Amino acid sequence: MSATTTTSPQTAARDEPPSLTSSSPRYGEKVILGALAVCGGISILTTVGIVIVLAVESSVFFRQSSIVEFLTGTQLSSNLGGGGTFGVLPLVTATLVITVIAMVVAAPLGLAAAIYLSEYAPERVRSLLKPILEILAGIPTVVLGLFALNYVTPFLTEIIGQENIFFFNMLSPGLVMGIMIVPTVASLSEDALSAVPRGLRESSFGLGATKRKTTLKVVVPAALSGIVAAVLLGFGRAIGETMIVAVAAGALPDLTFNPLKPAQPMTGYIVQRFSGESPRGTPAYQSIFAVGALLFVMTFSINLYARKFVERYREMY
């Protein structure tokens, strides 16, 4: 004789797990989503506001000066009244020379650090080195500029010779800027390497490959899109750097590719004009916004290309 158990509706409702699609309001989630939406909106509005200011102020400058002469001119000078010639090519050249020097330092060092942290470093060592890299990224750039001027430049003078290098030059800030960008390249590259599935490594080991061959022939190619994106983002970071070049590169807007000579990058020109005596409303003052707009276009283009590159060549695992 079997016993039949009956369950009351109240007990059944109490025993059922809570529904994930419950229609009851979750006020905490709504508050968080609202706060995130406000933060995102503020970021977008800030960017739009910057673009509008640059566009409006730059249009005032280009009504007084030719945009073709601005982009292709090799002379940059102004008089006391705020007029003069405003060719941006010397500024662009100095910016690119310093940035290339920085990336020659940052790309190999950052990638080597990322490979070591991801593939070789024990967990204890990795937990120690990662914060050190983050501390390096947090050093104020004005301090790095003084370091380049007071320590790196005298060191280069002893090696190269005082007659071959100027006190203000492009090599010294380029080297220090490269050290500054190493954490950016290393951190992003390490994330890309760590995202490679463990199965690819195990398959390579199963075929008899060594640790070095597995790293260089399997892991690095699989994470190539993320590594390239890290290098491009570091390149954009170097182009927009201000205080290091303003302190150590000099303020001579000459068209030169010699890194041992002084030059004035775009960001250094902006700092000099804002701290100078250019009357407001003059072409010299408005040229600040024209140079800033060009710098914004350059960095935006690099970031956009990095995003497109990652989307096109990213491996899906």
Side-chain angles (χ1 to χ4, degrees), residues 90-115 132-157 159-160 165-190 226-271 291 294-303 305-306 309:
L91 305 181
V92 175
T93 302
T95 300
L96 293 179
V97 169
I98 295 176
T99 301
V100 169
I101 294 173
M103 295 313 301
V104 168
V105 175
L109 289 180
L111 180 58
I115 291 176
I132 294 177
L133 283 176
E134 295 173 358
I135 292 174
L136 180 62
I139 298 177
T141 56
V142 65
V143 175
L144 294 176
L146 294 174
F147 174 75
L149 187 65
N150 295 326
Y151 294 96
V152 178
T153 297
F155 176 74
L156 294 176
T157 301
I159 296 178
I160 301 175
I165 187 172
F166 290 80
F167 182 70
F168 293 101
N169 58 81
M170 294 185 284
L171 180 59
S172 176
L175 295 175
V176 175
M177 191 187 302
I179 297 174
M180 179 196 70
I181 300 173
V182 165
T184 300
V185 178
S187 179
L188 296 176
S189 298
E190 196 268 335
I227 294 173
V228 173
V231 173
L232 290 176
L233 291 176
F235 191 88
R237 172 73 176 86
I239 286 181
E241 172 53 36
T242 302
M243 292 311 300
I244 295 178
V245 297
V247 171
L252 189 63
D254 285 346
L255 181 60
T256 178
F257 292 92
N258 187 351
L260 304 181
K261 291 184 177 181
Q264 187 174 46
M266 302 169 72
T267 52
Y269 175 81
I270 295 174
V271 171
V291 173
L294 179 60
L295 184 62
F296 175 81
V297 171
M298 293 173 62
T299 55
F300 180 78
S301 300
I302 292 173
N303 291 334
Y305 178 77
F309 185 91

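These numbers come from a predicted model, not from an experiment.
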Got V271 and T242 here, is their nearest side-chain heavy-atom distance under 4.5 Å? yes

Check: S189 and I227 side chains under 4.5 Å, non-hydrogen atoms: yes

So, taking the atom named CG in L136 and the one named OG1 in T184, what distance separates them when rounded to the nearest 0.5 Å? 9.0 Å

Qualifying residue for side-chain contact (heavy atoms from CB on, under 4.5 Å) with P265, from L295, V92, V245: V245

Is the side chain of E241 donor-acceptor paired with the backbone N or O of M243 at a distance under 3.5 Å, no angle test? yes

Between A106 and G178, which heavy-atom pair has the shortest distance, and what is it? CB-O, 3.3 Å

Side chain proximity check, I98 to I244, heavy atoms < 4.5 angstrom: no

Taking every non-hydrogen atom, the tightest pair across A248 and G145: CB-O, 4.1 Å

Testing the basics here: between L188 and A230, what is the closest heavy-atom pair and its distance to 0.1 Å? CB-CB, 3.5 Å

Just so I know, are the side chains of I101 and M177 near enough to count as touching, which here means a heavy-atom distance under 4.5 Å? no

Tightest non-hydrogen contact, residues S172 and T153, listed as OG-OG1, 3.0 Å

Verify, without hydrogens or angle tests, whether T299 (side chain) and G236 (backbone) share a donor-acceptor contact under 3.5 angstrom. no

May I ask you to test the T256-M170 pair for a side-chain heavy-atom distance under 4.5 Å? yes

d(I181 CD1, T99 OG1) to nearest 0.5 Å is 7.5 Å

Quick check: closest heavy atoms across A113 and A186, and the distance to 0.1 Å? CB-CB, 4.1 Å

Residues V185, R237; criterion side chain to side chain contact (heavy atoms under 4.5 Å, CB included); working and verdict: CA-CA 10 Å; V185 178; R237 172 73 176 86; over 6 Å; no

To the nearest 0.5 Å, what is the distance between CZ on F235 and CG on L96? 6.0 Å

Below 4.5 Å, heavy atoms only, C-beta onward: do F168 and L149 meet side chain to side chain? yes

To the nearest 0.5 Å, how far apart are CG in L294 and OG1 in T95? 9.0 Å

F167 atom CZ, neighbour heavy-atom count above 12 within 6.0 Å: yes

The side-chain contact (heavy atoms from CB on, under 4.5 Å) partner of V152 among V176, L171, T157 is V176

Write down the atom of Q264, the atom of L91, and the distance for their closest heavy-atom approach. O-CD2, 3.0 Å

Separation of M103 CE from L109 CG (nearest 0.5 Å): 10.5 Å

